[in-house]
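Single-structure report; data block below.
Naming: A, B, ... by sequence-line order, numbering from 1 per chain.
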There are 2 protein chains.
Amino acid sequence: MPDSAAPKTSRIQQRNRKRILDAALDVFSQHGYRGATLDQIARQAGLSKPNILYYFNGKEDIHVTLLNQLMDAWLAPLRDIDPAGDPLAEILRYVHRKLDMSREYPRESRLFANEILQGAPRMAPHLESDLRPLVDTTAAVIDRWIAAGKLAPVDPRHLIFSIWATTQHYADFDAQVRVLMDDAPVHADAAAFLETVYRRLLTPRPPAPGA
Amino acid sequence: MPDSAAPKTSRIQQRNRKRILDAALDVFSQHGYRGATLDQIARQAGLSKPNILYYFNGKEDIHVTLLNQLMDAWLAPLRDIDPAGDPLAEILRYVHRKLDMSREYPRESRLFANEILQGAPRMAPHLESDLRPLVDTTAAVIDRWIAAGKLAPVDPRHLIFSIWATTQHYADFDAQVRVLMDDAPVHADAAAFLETVYRRLLTPRPPAPGA
DNA sequence: CCGCTTTTTTACCATTTGGTAAAGTTACGA
DNA sequence: TCGTAACTTTACCAAATGGTAAAAAAGCGG
């Protein structure tokens, strides 16, 4: 019976693992992997350090668990682009979802940013195995939309990069944005701005008549 | 004679300070402030740790020196936007210069990215005193251009953010870009893409005839 | 209520890290 | 070439950090 064994995770185990991961998300996203300490995570989680090491095999284990767990949620909006939908609407919806995630999950955004900034030492395999195929198929979808004249021609991969960059900027560089935008409705304005950017960029225009 | 004293910095002092700062740029940009160690910097610089502390007052001193020193170079392209020039050309030139800097000075880009990501603890004063006024005046220039009908209307601050985000992305998220763009001419393609983006976004179009 | 498993705490430890003291070495002007 | 100031090295620390051992304390099915 290697399969249907008893429920491996007790109530208390589930609660504490969740607490630890939430605290770790706070600390890792703020200080990066090497800057975060188990003591900080323990304090934030309201547990002792050895107790944390009862639930996880070490600092790296916590970090990797977080990364794996978040990867899916992070890529969901890209996965949800519907090849059968209206091209411009699909892209704009994607932009807005990514921007919303920047606002609602800034810790997750910064965790990834930190990891990529340092060369993705603990995430490279996932980029290759999860992200890359997803980007490949999405780029192919966009290329088909362009070929069908439904979108103005652009490089689909750089388009995706620009969407990531512009939306995540509001989470990752929040400290800077905040200095430059004292109490303006940043998120709403950003949404309007990005809507304009991608609408003007992608709206197909009829070929100039002539020749 | 508090002013025209003897040359404070000997040849050897200049050389070693430069070595240390260059090594520190390597290490800080790769691991972030807390992740960097004096031993790493020392090894990279080819000096002993105490010798490094002969030239700088401590780890933080090195970091702050780097940040201050780079701030100017980093903001130069923004400062060079000419209010009397052709609006679209000025913006596009700015975009290309920023993109070039991403390629030629990725360490500097990552150093700043790390600092901002962690809340700009050692740079907040500079953001307030240097960056903010510069962005304010640049935004005013762009607003005037828009009012004069030389650019399509957009929020100038979010425009600046988007330029920063899209150009620095290629340095800061290089690890990700590299996974997704195996041996394509990333920089050239990015330049063409961004040219298209900002040209389509900012080219003023005559108001639709009607009413 | 008992006995066994799961969870938590207490008390440590080895290594790393930023930093210092002080002795030694080198450069260089008089 | 000699003396002094600039520079470098050797030998250390104290604190912080990731991690462990083992005892104590809860939980919990019977």
Presence of Gln13(B) side-chain N/O under 4.0 Å of dC7(D) phosphate oxygens OP1/OP2: yes
Rounded to whole Å, the CZ-P distance (Arg19(B) to dC7(D)) equals 14 Å
Closest to the side chain of Lys49(A), out of dG18(C), dG18(D), dT7(C), is dG18(D)
Starting from the C-alpha separation in whole Å, work towards a yes-or-no answer on side chain to side chain donor-acceptor pair (under 3.5 Å) for His187(A) and Asp100(A). CA-CA 8 Å; His187(A) 184 82; Asp100(A) 288 343; 3.2 Å; yes
Closest to the 5' end of DNA chain C, once Asn57(B) and Ile12(A) are matched to their nearest nucleotides, is Ile12(A)
In whole angstroms, the gap separating P of dT16(C) from NZ of Lys59(B) amounts to 16 Å
OG1 of Thr166(B) to CZ of Phe161(A), rounded to nearest 0.5 Å, is 12.5 Å
Q | Parallel, tilted or perpendicular: rings of His169(A) and Phe173(A) (30°, 60°) | A | parallel
Atom CG of Asn16(B) and atom P of dA27(C) are separated, to the nearest Å, by 12 Å
Taken to the nearest whole Å, CZ/Arg15(A) to P/dT6(C) is 17 Å
Is Asp136(A) salt-bridged to Arg157(A), cutoff N-O under 4.0 Å?
-> yes
For this session: Indicate the ring-plane relationship of His63(B) and Tyr33(B), choosing parallel, tilted or perpendicular according to the 30° and 60° boundaries.
Result: tilted
Taking only side-chain nitrogens and oxygens of Tyr55(A), does any of them come within less than 4.0 Å of OP1 or OP2 of dT8(C)? yes
When rounded to whole Å, the CG to C1' distance for the pair Leu53(B) and dC12(D) reads 14 Å
Here the distance between atom C1' of dT17(C) and atom CD of Glu60(B), to the nearest Å, is 16 Å
Taken to the nearest whole Å, OH/Tyr54(B) to C1'/dT25(C) is 13 Å
### Message
Any carboxylate oxygen within less than 4.0 angstrom of a Lys/Arg side-chain nitrogen, looking at Asp80(A) and Arg97(A)?
### Response
yes
Which of dC28(D), dT20(D), dT20(C) is nearest the side chain of Arg11(A)? It is dC28(D)
Practice prompt. May I ask you to establish whether Arg103(A) and Tyr170(A) are in a cation-pi arrangement, using a distance under 6.0 Å from NZ or CZ to the six-membered ring centre and at most 45° from the ring axis?
Written response: no
According to a strict under-4.0 Å criterion, is Asn51(B) in side-chain N/O contact with OP1 or OP2 of dT9(D)?
-> yes
In whole angstroms, the gap separating C1' of dT9(C) from CD1 of Ile52(A) amounts to 14 Å
Out of dG18(C), dT8(D), dT20(C), minimum distance to the side chain of Pro50(B) belongs to dT20(C)
Within residues 23-48 of chain A, the residues having a heavy atom closer than 4.0 Å to DNA chain D are Ala36(A), Thr37(A), Leu38(A)
Contact class for Phe56(B) (heavy atom, under 4.0 Å): base, sugar-phosphate, or nothing?
nothing
